[in-house]
Structures are given as structure tokens and as C-alpha cells.
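This report concerns only the one structure given below.
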Amino acid sequence: MTLHALFLGAGPAGIGPLVNAQQRGLLPRLLDTGVAVVDRGDRMGPGTIGQHLINSDTAGGTFLECLDDDLFAPVAGSGPRRRLERYRQSAAPLPLVGEFLGEIGAALRGALDAHPVSRFLPGTRAVSIRRSTDGGFATTLAAGEETFELRSRYVISALGGYQDHQRALAAPIVPGVRLADGYADRVLHTEQVLTAGGAERVAEMLAAAGTRRVVIIGGSHSAFSAAWVLLNRVRGEFGPGDITVLHRKPPRIFYPTAADAHAEGYTDFGADDLCPLTQRVYRLAGLRWDSRDLLRRIWSGAEDRVGLVRLDPAVDDGVTTLLKEAAVIIPAFGYRPVTIPVLDEHGRPMPLYGSGPGTPPLVDTRCRVLDAGGDPVPGLFGIGLASGFTLDGPLGGEPSFTGQTNGLWLYQNGIGERILGQLL
Ligand SMILES: Cc1cc2nc3c(=O)[nH]c(=O)nc-3n(C[C@H](O)[C@H](O)[C@H](O)COP(=O)(O)OP(=O)(O)OC[C@H]3O[C@@H](n4cnc5c(N)ncnc54)[C@H](O)[C@@H]3O)c2cc1C
């Protein structure tokens, strides 16, 4: 039997289009077409978000929006939902967000498992995707010792992201300086710092080096989250200037409106930094919640343990000295999408645009995976962390924003809807 749609990965992004379908009353119609969702883990929903021991950068209320729906009625009374409710207007602990998504995933799994032609396959690893001559796909999957193929009209790849160690080591920091050149044993990626055991590992490295100097490279949410972990979770006290954040672009903070920003004396924005849809200031680029608070305290001088240094890739300006003195170096260079080999009708590997040099996107604005030439592979979609999706017109976002967009709300709304529209 040929399925209509095969979802690879059942994390927050993989379930996004299904949540969107449910909210718009389209889930029964989608499931009637024949859908399978696979994950190498045993649950639908949580993915890896709950492994981060920090608070969310979105208000708890955004995770709860999807509950206005019958299918999720059991979730409404669940423990994780009740605990998440306390964070409706604030940042929520990500482990709790993960638990809550597990409840949402369980409700969706119930719908899939009860359906005659749709299902969830836990403990199933996606191995490769081959285009078939009928225009669909044959995807190779592995469950335990068994390997098998599922045929489908569409494939949605939602396998999450990873931090590329080799790329981070090879990236030029300032002229003639790469982390590969003598710094590799001091490198911890943000993913390592933000997850279980990260704070303890940092403490051990600081103790072994006999200094508490840390350098974080990057100005993103992950960079400031790492600084937050250092200050709040790592044993021992940091002194003034012990932590340096090296950033290329000036870090920005989010405000609900320009008036709110002006009221607090924040004027570092122009018309291009306002979302035309919501009028929010730095809706996409701006730091929020804990990272935002930290940055504001650094700016005001209330937090002197963290220093900000503008990194000019053309000038060393003391950067080498900072790196040499650091016990721990944390590159916050973002994530790359996890992909599996895509093969053409003859079984030959098809290189993807997203695997090229630099950080090209995996998908276009319709979430279609791009081949090496930048053309969409018909029927193959990508969604989720590091897929490279950029917001466009109807979804808003400040025109000045150049990065990619990740977020549960978007997976369940604008981005999920975009994929669903093409599946149905
Ligand atoms: C530190 C951090 C904090 C974030 N905070 C927020 C936040 O506060 N709010 C927000 O909206 N977003 C946040 N995000 C962004 C994003 O929503 C999360 O990263 C989210 O977990 C991304 O979901 P995903 O499904 O793309 O990836 P994942 O959560 O990693 O899920 C991928 C899934 O694919 C499965 N998988 C992987 N490989 C295979 C394979 N070969 N075969 C089968 N299954 C496979 C995995 O088991 C997993 O279930 C954050 C991201 C990071 C990195």
C-alpha cells in the first residue's frame, strides 16, 4: 500500500502540521488519506526540547494555544498542562514544555492508532529516502534488526538539528585564528552546556584550569542562554569580567510595541525592525525572557560578571588573548539540519542545497526541500530546527531579520499550515 504522507521525526516540528490539521478540523481528512509518523524514540511530541535545562524563550501561553480543541481535552486536565498554566505569561522550564508536548503527542497518537489506514511507528529510524518512478518516495526504515520500506506520495523530514563540531573548529574567528588551532580541548557546544551534565562539565573544566574565564562566541539566544547557565547553574562564583560574549552583530531585545521600547529608553531600532503584522520590535531577532533580562542587566552595568565584546572578523583586538586565557570556549554558531540520504530513481545520492558550504537553507518558503541546484524536490518537505525556513509576507517578521525561524507556535500555525496546504 502507498501512504499519502510519511512524517520522519515526531518531535515538536513533526507533529506541527498534525496539530494544525486538528485545529482546523482537517485531521480526519488527512488521516483518511493514509499517514504514517515514525520516530526513533518511543513517543510522539516531546522531541529534544525538554532536554534543555533552561526556560523557554516563548511565553508558556503560546504552548497552550493548541488546547482549544476536543482531541486535546484529556491533555487539558493533565498534570503537565496544569503546571504549565502557571507560566502562561512568563518563560516556562523547557523540561515541563517537553512533558506537555508528550501529552499532546499521546493524544495525536491515539487518533493515528485508532485509524484504519494511519499509524505511528515508534522505535523506527529513518535511513534513506529514494524517489520512485511514479513521482513518490520509497523510504527505508529500521526497527531493531528489521529493515523495511514504506512507499508514500509525500515525505516530511522533521529530524531536528545538530551542532557541527568540525565546522565550529574550522570557522575563522579572527585572522589566523580557528578553534581547531590549539583550542579544541576547551570547546563545549551550547547544546552540551544547556543539557544534563553541562553545568557540571563546565565546573570540572574551570577547576582543572584554575581559572573561571569563559568565552562564548555568538550573540544569539543560545549564546545568552549559555551565559545564563554559567551564572545560575555552575558551581562556584564568577568574578567581574570572567565571562566574555564575543558577538558579530549587536544583540537585540524584543519589545511588544515601539512605545514600550521608548518608555524604557530603548531606541536602537528603526522602521525595518518592526514586524508589519504585529508591530512588535525585533519580533524575530530580539532576545526574550531570561536572555533578555540578562542582556539588559549587562547593558545597565548591574551584571558585571559578563562582558560584551564586538567581534570584527578582520581584526584580532585582544580576541586571541581572551581565547588563550579561557578555561572553556562555547561556540554558539547555531544548528544544522539532521538529514538522511536522498536518492534519485536510480538509487544515486542527490546532494541537497542545505548540505552545501556555509549555512544554506534546507527548504524554501513553502517548506520544500531543495536539491543541490536550489530547485524543490517535488513532494519532499522539511520542517523544524535548522531547516532554514524564513518568514515571508503573510507570516510577518521584521524586514531587517536575516536568520531562520524556529518555534513551536509557528510549526503548529503558519509553517505547519503551509505544509498541510500542499498535502491536502
Ligand atoms: C536551546 C533551545 C531552546 C529552544 N527554546 C524554544 C522555546 O522556548 N520555544 C520554542 O518555540 N522553540 C524553542 N526552540 C526551537 C525549537 O522549537 C526546538 O528546538 C524544537 O525541539 C525543535 O523541534 P524539532 O522537531 O525540529 O526537533 P527535535 O525536538 O530534535 O525532534 C526531532 C525528532 O526526530 C527524531 N529523529 C531524529 N533522527 C531520526 C531518525 N533518523 N529517524 C527517526 N526519528 C529521528 C528524534 O527522535 C526527535 O523526536 C529551542 C531550541 C533550542 C536549541
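Both ligands and their constituent atoms are indexed starting at 1 by order of listing.
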Legend entry - From Thr48, Leu408, Val38 - option closest to atom 12 (N) of ligand 1 by heavy atom: Leu408
Inset, instruction - Considering only non-hydrogen protein atoms, determine which one is nearest to atom 44 (N) of ligand 1 and report residue, atom name and distance to 0.1 Å. - result: Arg40 N, 3.1 Å
Legend entry - Heavy-atom closest pair, residues Ala171 and Phe333: CB-CE1, 4.1 Å
Inset, instruction - State if Leu410 counts as touching ligand 1 under the rule of any non-hydrogen atom under 4.0 Å. - result: no
Inset, instruction - Taking the six-membered ring for Trp and the single ring otherwise, decide whether the centroids of Phe100 and Phe63 are under 6.0 Å apart. - result: no
Inset, instruction - Please determine if Ser222 has a nitrogen or oxygen closer than 3.5 Å to a nitrogen or oxygen of ligand 1. - result: no
Inset, instruction - State the atoms of ligand 1, each with its element, that fall below the 4.0 Å cut-off from a heavy-atom position in Ala13. - result: 23 (O), 24 (P), 25 (O), 26 (O)
Legend entry - The one among Leu101, Leu159, Leu94, Leu385 that brings a heavy atom closest to atom 4 (C) of ligand 1: Leu94
Inset, instruction - Give the residue and atom name of whichever protein heavy atom lies nearest to atom 42 (N) of ligand 1, and the separation in Å to one decimal. - result: Ala126 N, 2.8 Å
Inset, instruction - Write out the residue and atom name of the closest protein heavy atom to atom 16 (C) of ligand 1, then the distance separating them to 0.1 Å. - result: Tyr411 OH, 3.7 Å
Legend entry - Smallest separation among heavy atoms of Ala326 and Val215, with atom names: CB-CG2, 3.9 Å
Legend entry - Under 4.0 Å to a heavy atom of Gly384 - the qualifying atoms of ligand 1, by number: 26 (O)
Inset, instruction - Select one of side chain, backbone, both or neither to describe which atoms of Ala158 lie under 4.0 Å from any atom of ligand 1, heavy atoms only. - result: backbone
Inset, instruction - Among all protein heavy atoms, pick the one closest to atom 48 (C) of ligand 1 and tell me residue, atom and distance. - result: Asp39 OD2, 3.5 Å
Legend entry - With Leu308, the side chain to side chain contact (heavy atoms under 4.5 Å, CB included) member among Ile243, Thr244, Val245: Val245
Inset, instruction - Within a distance under 4.0 Å of any heavy atom of Gly9, pick out the atoms of ligand 1 and give their elements. - result: 34 (O)
Legend entry - Arg82/Glu85 salt bridge by N-O under 4.0 Å criterion: no
Inset, instruction - Name the option, out of Thr58, Ile15, Ile49, Asn406, that contains the heavy atom nearest to atom 13 (C) of ligand 1. - result: Ile49
Legend entry - Distance filter under 4.0 Å to Arg125 heavy atoms, resulting ligand 1 atoms: 41 (N), 42 (N), 43 (C)
Inset, instruction - Between His52 and ligand 1, find which residue part has any heavy-atom pair under 4.0 Å and reply side chain, backbone, both or neither. - result: side chain
Legend entry - Nearest protein heavy atom under 4.0 Å from atom 6 (C) of ligand 1, yes or no: yes
Inset, instruction - Report yes or no: is the cationic atom of Arg288 (NZ for Lys, CZ for Arg) under 6.0 Å from the centre of the six-membered ring of Tyr282, at an angle within 45° of the ring normal? - result: no
Inset, instruction - For ligand 1, indicate whether the residue Leu194 contacts it via side chain, backbone, both or neither (heavy-atom separation under 4.0 Å). - result: side chain
Legend entry - Sub-4.0 Å atoms of ligand 1 with respect to non-hydrogen atoms of Ser56: 8 (O)
Legend entry - atom 23 (O) of ligand 1 - nearest protein heavy atom and its distance: Pro12 CD, 3.5 Å
Legend entry - atom 27 (O) of ligand 1 [closest protein heavy-atom partner, distance rounded to 0.1 Å]: Gly160 CA, 3.3 Å
Inset, instruction - Applying side-chain contact (heavy atoms from CB on, under 4.5 Å), run through Glu103 and Arg81 and close with a yes or a no. - result: CA-CA 8 Å; Glu103 300 289 330; Arg81 184 263 158 92; over 6 Å; no
Inset, instruction - Report yes if the side chains of Tyr335 and Thr190 come closer than 4.5 Å at any heavy-atom pair, otherwise no. - result: yes
Run the side-chain donor-acceptor check on residues 146-157: report pairs under 3.5 Å with partners two or more places apart or on a different chain.
unit_1 : atom_1 : unit_2 : atom_2 : d
Glu149 : OE2    : Arg130 : NH2    : 3.0
Ser152 : OG     : Tyr154 : O      : 3.0

Legend entry - Tyr335: numbered ligand 1 atoms lying under 4.0 Å from its heavy atoms: 53 (C)
Would you tabulate the side-chain donor-acceptor contacts of residues 15-32 under 3.5 Å, counting partners in other chains and residues two or more places apart, or write 'none'?
unit_1 : atom_1 : unit_2 : atom_2 : d
Asn20  : OD1    : Arg24  : NH1    : 2.9
Asn20  : ND2    : Gln412 : O      : 3.0
Asn20  : ND2    : Asn413 : O      : 3.4
Gln22  : NE2    : Asp69  : OD1    : 2.5
Asp32  : OD1    : His115 : NE2    : 2.7

